[in-house]
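Reading through the structure tokens given below for one structure.
Side-chain atoms are counted along with the backbone in the values below, which use heavy atoms only and exclude waters and symmetry mates. In the text below, chain A, chain B and the rest are named by the order of the sequence lines, each starting its count at 1. Just so you know, these numbers come straight off a predicted model, no measurement behind them.
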There are 2 protein chains.
Amino acid sequence: MNHKKDKNTADDFGAKIQCFVDLCRDRGLRVTPQRLAIYKALVNSDEHPSAEMVYEKVRGSLPTISLDTVNRTLLTFSEIGAAFVVEGSGGARRFDAGLDNHQHFKCVKCNRIIDFHHEPFDDIELPASIDGRFTVSRKTVYVEGLCELCQSH
Amino acid sequence: MNHKKDKNTADDFGAKIQCFVDLCRDRGLRVTPQRLAIYKALVNSDEHPSAEMVYEKVRGSLPTISLDTVNRTLLTFSEIGAAFVVEGSGGARRFDAGLDNHQHFKCVKCNRIIDFHHEPFDDIELPASIDGRFTVSRKTVYVEGLCELCQSH
DNA sequence: TGATAAATAGGAGTAGCTACTATATAGGTG
DNA sequence: CACCTATATAGTAGCTACTCCTATTTATCA
């Protein structure tokens, strides 16, 4: 279930890297030592790191790498599908008066957050592994994509 | 369905404000003109504003208010339950290699993001109002609360 | 109405990007 | 297999979104 709990076997790991290299070539991206190191650091992390966290890891093998390269590279990865940005993270904190039950759709282009309401989502049943282990204060369905204004470009 | 589509009637609005005033008093918080103005701006907004956006609105009636006050006040509101922070917003961008289907639990105290996997969540059915209107690139169940380490304090 | 604990304004400091430019290099080509 | 060139990188500067601090103001209660 937890795909990162134990160290990946050498074969697993090699396969993932090969996959990644193929993906880069496929998209016409060069396979640089920086990109490889950043990808490895990301795959070997189980904390959903920020750019800063990846930067600290990668500096072990590439001491002169810059934080900007790490950030840019991680964004590039999310464009080619080698990684993704954890939902809602990044950018300014947003507030909601929370007057009614609703869920959020976020446009990844213009950053608008649009409410919608689908009753079945109002009371999601969490598995016991979560409910028992953590104190849950909020659970919701979260949707991302392009809003109607931004898709017409 | 969309609770903010039309202007609230004067009565609705008055009731909300009264509710808010009662809540403040209940929690021993003073009802200041700043707090009222900020709350009104939030309730009348349908964009899930950032502190900056609320700041711009409130400056109309309180030209000398500071951004820090707006930020601090909005956070106070979320502590007393008069508002809440939109899931995942705020803080640094976080990355995920996305090798398996999984959902995220975020600890609001230590900011760790912990994977969990519950198969029924892998393919959530969105209502037609969303699927038809937007280009959806990502949909997930998102859970927030206190992790096992942080609840023991 | 006066006292006081709480709240605010303003400014300084910090984190996390983001844009820019000169240098370096991956990978195709002859 | 050395060269060429478009792509990528390092380093720096600038910007946004907070966050912390302190002096001043003010909502509330006696």
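- A straight line from CZ of B:Arg94 to C1' of C:dC17 spans 15 Å, rounded to a whole angstrom.
- Candidate nucleotides D:dA27, C:dG10, D:dA8 were compared by shortest atom distance to the side chain of B:Thr32, and D:dA27 ranks first.
- In this structure, the nucleotide among C:dG27, D:dA8, D:dT26 sitting nearest to the side chain of A:Arg25 is C:dG27.
- Between A:Asn111 atom CG and C:dT18 atom P the separation is 10 Å, expressed in whole Å.
- A donor-acceptor pair shorter than 3.5 Å can be found between the side chains of A:Gln151 and B:Thr135.
- If you measure from atom CG of B:Leu75 to atom P of D:dA17, you get 15 Å, rounded to the nearest angstrom.
- Listed candidates were C:dA9, D:dA27, C:dC17. Nearest to the side chain of B:Thr69 is C:dA9.
- The separation between B:Leu67 atom CG and D:dA17 atom C1' is 8 Å, rounded to whole Å.
- Side-chain atoms of B:Asp122 and B:Gln103 form a donor-acceptor pair, as typed in the model, at a separation below 3.5 Å.
- Distance check: A:Ile38 CD1 to A:Tyr55 OH gives 11.0 Å after rounding to the nearest 0.5 Å.
- Here A:Arg72 does not reach the OP1 or OP2 of C:dT18: none of its side-chain N or O atoms lies under 4.0 Å away.
- Taking atom CD of B:Glu79 as the reference point, atom C1' of C:dA7 lies 14 Å away to the nearest angstrom.
- With distances taken from any side-chain atom of A:Arg93 to the nucleotides D:dT28, C:dA9, D:dT19, the minimum falls on D:dT19.
- Along DNA chain C, the nucleotide nearest A:Ser50 and the nucleotide nearest B:Leu62 are compared for position; the residue whose nucleotide lies closer to the 5' end is B:Leu62.
- Rounding to the nearest 0.5 Å places CD of B:Glu144 at 10.0 Å from CG of B:Leu146.
- When distances are taken from the side chain of A:Asp68 to each of D:dT19, D:dT12, C:dT25, the shortest belongs to D:dT12.
- Of the listed nucleotides (D:dT9, C:dA7, C:dA26), C:dA26 has the atom at the smallest distance from the side chain of A:Arg30.
- Using a 4.0 Å heavy-atom criterion, one finds that A:Pro33 contacts the sugar-phosphate atoms exclusively.
- Taking every side-chain heavy atom of B:Asn71 into account, D:dT19 is the closest of D:dT19, D:dT28, C:dA9.
- Closest to the B:Ser66 side chain, of the nucleotides C:dG16, C:dA9, C:dT25, is C:dA9.
- Which of D:dA27, C:dG16, C:dA26 sits closest to the side chain of A:Glu52 comes down to C:dG16.
- When the C1' atom of C:dA7 is taken as reference, atom CZ of B:Arg27 falls 18 Å away, rounded to whole Å.
- Rounding to whole angstrom units, CE of residue A:Met53 and C1' of C:dC17 are separated by 15 Å.
- Nearest to the side chain of A:Ala92, among D:dC18, D:dA10, C:dT8, sits D:dC18.
- Closest approach of B:Asn44 and B:Lys57 over heavy atoms only: O-NZ, 3.8 Å.
- Toward the 5′ end of DNA chain C lies the nearest nucleotide of B:Gln34, the other residue of the pair B:Gln34 and A:Val31 mapping further downstream.
- In this structure, the CD1 atom of B:Ile65 is 13 Å from the P atom of D:dT26, given to the nearest Å.
- For the atom pair CD1 (B:Ile124) and CD1 (A:Ile124), the distance works out to 7.5 Å, reported to the nearest 0.5 Å.
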